[in-house]
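Everything on this sheet refers to the single structure shown next.
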Number of protein chains: 2
Amino acid sequence: MTSMSGPEDWVASPVDVVDPRARPTMKNVAALAGVGVKTVSRVINGEPNVSPATIARVRAAAESLDFHPDLHAGNLRRADGRSSTLGLLVGSVGNPFSGAMHRAVEDAANARGVAVFASSLDDDPDREEVAVSAFLRRRVDGLILTTVSKSQSYLLPELRRGTPVVFVDREPAGVEADVVVSDNAAGAAAATRHLLSYGHRRIAFLGDRADIQTAQERRRGFLEELGRAGVATADIPVITGLHDEDAANRALIALLESEHPPTAVFSSQNLITIGAVRGLRERGAHHTVALVGFDDVPLADLLEPGVTVVAQNPHEIGRLAAARIFARLDGDRSAGRTYVVPTELITRGSGEMRPK
Amino acid sequence: MTSMSGPEDWVASPVDVVDPRARPTMKNVAALAGVGVKTVSRVINGEPNVSPATIARVRAAAESLDFHPDLHAGNLRRADGRSSTLGLLVGSVGNPFSGAMHRAVEDAANARGVAVFASSLDDDPDREEVAVSAFLRRRVDGLILTTVSKSQSYLLPELRRGTPVVFVDREPAGVEADVVVSDNAAGAAAATRHLLSYGHRRIAFLGDRADIQTAQERRRGFLEELGRAGVATADIPVITGLHDEDAANRALIALLESEHPPTAVFSSQNLITIGAVRGLRERGAHHTVALVGFDDVPLADLLEPGVTVVAQNPHEIGRLAAARIFARLDGDRSAGRTYVVPTELITRGSGEMRPK
DNA sequence: TCCGGTCCTGACATCGATGTCACAGTTTGG
DNA sequence: CCAAACTGTGACATCGATGTCAGGACCGGA
């Protein structure tokens, strides 16, 4: 601490005093180990042709300085320019469907030392573009996106550069790429067929915002199945634009109190299903009005009656999406494909009631 | 495709042919706009002293090339060295508690243009160190960590360098830093007091792995409350080491079939609570044996009976953790503090049954 | 007219790593 | 025993951006 130089202390100290607030670099490690920086680089990256003695010295120096290499600096020069980073945009990281997908993506990424940026879309087109832009500025190696904008053509230049992009849960517009989605229309049709087979003819549809692609598909599957069964859809109550539990709850209660209440309900999204369950309970109709939901709901099997659903497989969607990204990073140049992950009808009671 | 040069084709083309697979840099934008790179930098970063005409030219060039600045390259030279990135390590991104926390962190980060790396811990000490190391190699500005290792002293050098670290959900060992946790012992005591007040004396404890800090705290709160009430804890069934729904389910069934079955159960974690609910149902005991769980469970209010819980506030934990990180990034140098987020007893029926 | 001060602008060094290449010393093969 | 090949190593340019600094154009005032 005491200065040892005289009045002419303009001479820089030849010894690098270690500043605990400074982050060590390869240069520091090299100096401490008495080798060149390139040799440190070789040791850190496990490159061959370094003597065991040198390896040991470098390791010890790196350890004693708590050196962590700067991945991004290395990236800059590195030939393939990979950042070992993925961008994932989901509905909301707080939502169980998104969480399961996220988890599957993470597991695949982890196995390759890839880190995942996760962002929530909140069905807001502005957030979509902001998030994608944030990912691109950080030079992610690939994008897994849930989208809500009218068109994803803003991604065309990036796709042309070869960045792998996989769209999940919803199909994009204006671009060709890999897509991984649930069997939305077919699942909705299966749910509808199930209710029809129990004798229901007046089945209400509770749907999400009409501008969301999956919501449209589910509605289409529902209506087409009714058509196939020869049910006149004119007086079928189709309610859309519900975006949370509360709206669904109110809509269902209004239906129950209408002149011709439905004998069954198809709720086309998990939050809507929960709102519908609440509504049925509040009116004491949960043992008389049938209900089938799209997308599984936690603890649905423990409710009384259990909630019959068309379950999606978010884990499989995430797994497949990540697999596509890595396949393309490994050189797959085939044309973009759409992968449809099947849904599964799980009967638990609420969907197996006959109209009274 | 056909070569237009003669045998001496060593002459490089003076015109830069635009390669659609190449990612544009500031140099490319500068060339197209007919300005220097530094001017492009100024425009992109909104620095002053650039003429409106130049701004327009640069903007147009950047737009036409679909230029996205490389944040990490900028970072390298940038004075503060901030990467606008955060590392978040949670129990599992697929778990609703983690999801809620993650969401709150994301919201705070988003407001400052900060992206979040999310990783799952899975209560595996190796994953903890691997994840932290991956974060540090990517030069995150701050760390929000759920931990499981015996000691976090491996973080001391990083803390000394001034990287803000906040521990969430569980208290760390061997380091001093900001900590945000639920009121574990007090919450467990409140749950216990609640059951005692309904006349229960033989209350079983179903607990998570004993080496997890929060699990210990909840057990302590439970036992201390029994002590205060003068209940002999000798013949109180305390079962720990349950790490999933299934184990909890089996443990509970074994208890019910034992010689002196409990009249009430305190399940100290959300998966354990679910396993306990299943066990009670399978044995038809859900209307006779009381149950209070620690941590809320989705749809708990719709079950029959509703599940009484001591609810945590994961959103508030995440919000507070992010707030601490940003406060420290903004210069707060105060000593590390522990923030305790209160829990709340929510009565729904399962905890309000008297012993038969 | 000259001077000092803004306003704009670009050349250049630099951040922390890796790719290339040159070079010395050691083996190997003929 | 010597050329060829291989091993171990470090100097240096470079990746894409920003900080520094210097210089030219233009302004108003003396």
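Proteins come first, then strands; the chains are lettered A, B, ... in the order of their sequence lines, and each starts at number 1. Computed from a predicted structure; not experimentally measured. Values reported hereafter were calculated over all heavy atoms of this structure, with side chains retained and with hydrogens, waters and symmetry mates removed.
In this structure, A/Asn49 atom CG and D/dC6 atom C1' are separated by 8 Å, rounded to whole Å. Note: CZ (A/Arg57) to C1' (D/dT9) measures 11 Å, nearest angstrom.
A donor-acceptor pair shorter than 3.5 Å cannot be found between the side chains of B/Arg138 and B/Thr85. Looking at A/Glu158 and A/Thr163, their side chains do bring a donor and an acceptor atom within 3.5 Å of each other.
Residue A/Thr39 places none of its side-chain N or O atoms closer than 4.0 Å to OP1 or OP2 of D/dT9. Within the structure, a side-chain polar atom (N or O) of B/Thr54 is placed less than 4.0 Å from OP1 or OP2 of C/dT9.
Below 30°, between 30° and 60°, or above 60°: for A/His102 and B/His102 the angle between ring planes is between 30° and 60°, a tilted geometry.
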When you check every protein heavy atom under 4.0 Å of nucleotides 16-22 of chain D, what one-letter string (B, S, -) results, 5' to 3'?
-> BSBBB--
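The two residues A/Ser83 and A/Val140 have their closest heavy-atom pair at OG-CA, 3.8 Å.
Cation-pi geometry between A/Arg337 and A/Tyr339 is met: the NZ or CZ atom falls under 6.0 Å from the ring centre, inside 45° of the normal.
Atom OG in B/Ser41 sits 4.5 Å away from atom CE in B/Met26 (nearest 0.5 Å).
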